[in-house]
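Residues: numbered from 1 along the sequence shown. Just so it is clear, the values below take in all heavy atoms, side chains as well, and ignore hydrogens, waters and symmetry mates.
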Amino acid sequence: MRPGTAVNPFTPQFGRRPSVLVGREVVLAGVEQSLDIGPASLEFNRLILGGRGSGKTTLLSEIAAGAEAKGMLVLRVDAATSGLLDRILDAIAAARDRHQEARLPTESSGSRPKALSGVTLGPIGAQWAQMPEPRRSWSLQRNLSELGTWAAERDSTVVLTVDEMHAGERQELRRLAGDLQSVSGVEELPVSVIGAGLLEMKYTILEDRKMTFFHRCHRDEASLVSRSEAYRCLRRTIESAGGDVTQEALKAMSAAAADSLAYKVQSIGYHAWAASGSPEHPVGKGEAEIAIEIAEADLHSKVLVPMWHDLSDLDKSYLEALAEMGGEAAASQIADRLPDASSRTLADTEYRLTASGHIRRSIGATVEITGPLTLSAVARMASIHADYKTSRSSPVTAPNATSQTRCNAPMPRAKAKCALNRGHKGPHRSRR
């Protein structure tokens, strides 16, 4: 085999299961325990929240694989586009087809093999009954109820994983929440839902009054990777694939990946493995430096730029103001830089950005930038904005012309501020 042609053990592709998973052991253990307990567990239904590249989809895939390994019936769907409820019925139909194909070896008597119905594949304890066939004429609730009843009779569990929940259509998610409330909550059938989505769900879906079922789900957050977790992941992945890495390279790569996304760890490892020609050659400091540089650019284009463009204009302005003040400032200082926004609007903006993991309140009641969108990343995004802002914010005016600064005088009755230019004649107006 030519150097560098061995399969790269790192997986910086979104949603791919890594060969070595670290830093998620507590969550996985909690899921396993709650599924074993069943509907009586307060954590039987749960949501995994995280930013882009945080590994939430990977974690969801790991949970599904673990449930399947224990013989549970897993239905995998996503809410990225409309048609979620139909996809769940399709997943039930596909699971039934797989179930029907699973057969015991033909007995010596020559009798025909029969489809397995339980989770025990051995001859002792296996029960013989077909999975209920999904019916399009029935509601999703009735189909899930029939399936849950079938699973309960066999001491099994149905695990429904729903990815990309943040993108789901509101009416479909409301219907799903109501159906799950009836099946898992009221009927107490062993039908567990484990969803995954962006942190923004905290102030969208999880504040929707018609989705109280999801409000009560246990929540896990796909946290940023620590330096020690990055170190263990890089070392174990390289060594388990037959490669080698120097301590100097490991320290450099883990330091670069510290307090960042799981995606960045996988990206650094992937490019280090490729640059060194592993497993024939060890990953050294030079290869590590190359990998870090490529991974930084990769993270910026594939994760940070889309993350930035997901923000509202006011969210961006808020972060830009913070960046201009070194990444940390008092709320009053931020307000001074954003005079057109009311105090209530700024408080709501802080709430959204905090829920999304972009900022946090530190000791002394100051606000600071945190998370993947670092100070340098925000400054880089803001510099592009400033290139256009400068040309537009410096209009050519004639001498002694009226100032173009807004009046902003409060208008209590209109619940607004004056939109006319400062120094205008006549009464204040909320619109020009």
Side-chain angles (χ1 to χ4, degrees), residues 51-52 198-204 207 300 304-432:
R52 292 177 182 269
L198 295 178
L199 289 164
E200 67 187 46
M201 285 174 57
K202 291 180 180 178
Y203 54 86
T204 55
E207 288 190 354
H300 180 79
L304 301 187
V305 169
M307 188 180 292
W308 177 259
H309 288 299
D310 279 344
L311 300 173
S312 69
D313 287 344
L314 183 54
D315 292 341
K316 295 173 185 175
S317 296
Y318 190 105
L319 290 174
E320 287 173 356
L322 260 179
E324 290 171 0
M325 293 181 283
E328 183 174 359
S332 58
Q333 294 175 302
I334 299 171
D336 289 340
R337 288 181 177 258
L338 302 172
D340 290 343
S342 68
S343 58
R344 185 179 298 278
T345 298
L346 290 175
D348 290 342
T349 302
E350 180 188 334
Y351 168 71
R352 288 196 308 274
L353 291 173
T354 300
S356 299
H358 296 304
I359 62 173
R360 68 183 175 195
R361 281 263 181 168
S362 61
I363 299 175
T366 59
V367 180
E368 63 178 334
I369 292 175
T370 185
L373 274 175
T374 60
L375 172 59
S376 60
V378 173
R380 183 175 176 179
M381 304 290 187
S383 66
I384 300 174
H385 178 206
D387 290 341
Y388 293 91
K389 186 177 179 180
T390 300
S391 62
R392 293 183 179 183
S393 61
S394 303
V396 178
T397 56
N400 301 319
T402 303
S403 171
Q404 296 299 305
T405 304
R406 286 182 61 174
C407 174
N408 280 328
M411 301 177 65
R413 288 188 178 181
K415 297 182 179 180
K417 293 184 179 181
C418 179
L420 299 178
N421 295 333
R422 184 177 296 173
H424 65 84
K425 296 181 180 180
H428 298 301
R429 293 169 56 187
S430 59
R431 295 182 180 179
R432 293 181 183 275

By side chain to side chain contact (heavy atoms under 4.5 Å, CB included), which residues pair with [X], not counting sequence neighbours?
| X | result |
| --- | --- |
| D348 | R344, R352 |
| T374 | S376, A377 |
| I369 | L319, L322, A323, L375, V378 |

To the nearest 0.5 Å, how far apart are [atom1] in [X] and [atom2] in [Y]?
| X | Y | atom1 | atom2 | answer |
| --- | --- | --- | --- | --- |
| E350 | R361 | CD | CZ | 4.0 Å |
| H358 | L199 | NE2 | CG | 8.0 Å |
| K202 | T354 | NZ | OG1 | 9.0 Å |
| D340 | L314 | CG | CG | 10.0 Å |
| D310 | E200 | CG | CD | 6.5 Å |

For the residue pair [X] and [Y], establish whether any side-chain heavy-atom pair is separated by less than 4.5 Å.
| X | Y | answer |
| --- | --- | --- |
| R52 | L304 | no |
| T345 | L338 | no |
| H385 | K316 | no |

Using the test side-chain hydrogen bond (donor to acceptor under 3.5 Å, both in side chains), find all partners of T370 that sit at least two apart in sequence or belong to another chain. none
May I have the list of side-chain donor-acceptor pairs in residues 325-334 shorter than 3.5 Å, sequence neighbours left out?
unit_1: E328; atom_1: OE2; unit_2: S362; atom_2: OG; d: 3.1
unit_1: E328; atom_1: OE2; unit_2: T366; atom_2: OG1; d: 2.8
unit_1: Q333; atom_1: OE1; unit_2: A330; atom_2: N; d: 2.8

Set of salt bridge (charged side-chain N to carboxylate O under 4.0 Å, His left out) partners for [X], sequence neighbours left out:
| X | value |
| --- | --- |
| R380 | none |
| D336 | none |
| E207 | none |

Intermediate values then yes/no, side-chain contact (heavy atoms from CB on, under 4.5 Å), L353 and V367: CA-CA 11 Å; L353 291 173; V367 180; over 6 Å; no
Which residue pairs pass the salt bridge (charged side-chain N to carboxylate O under 4.0 Å, His left out) test when at least one of the two sits in residues 363-379, sequence neighbours left out? R360-E368
For a side-chain contact (heavy atoms from CB on, under 4.5 Å) check, start with the C-alpha distance between M381 and H309, then their side-chain angles and the critical distance, and finish with the verdict. CA-CA 10 Å; M381 304 290 187; H309 288 299; 5.9 Å; no
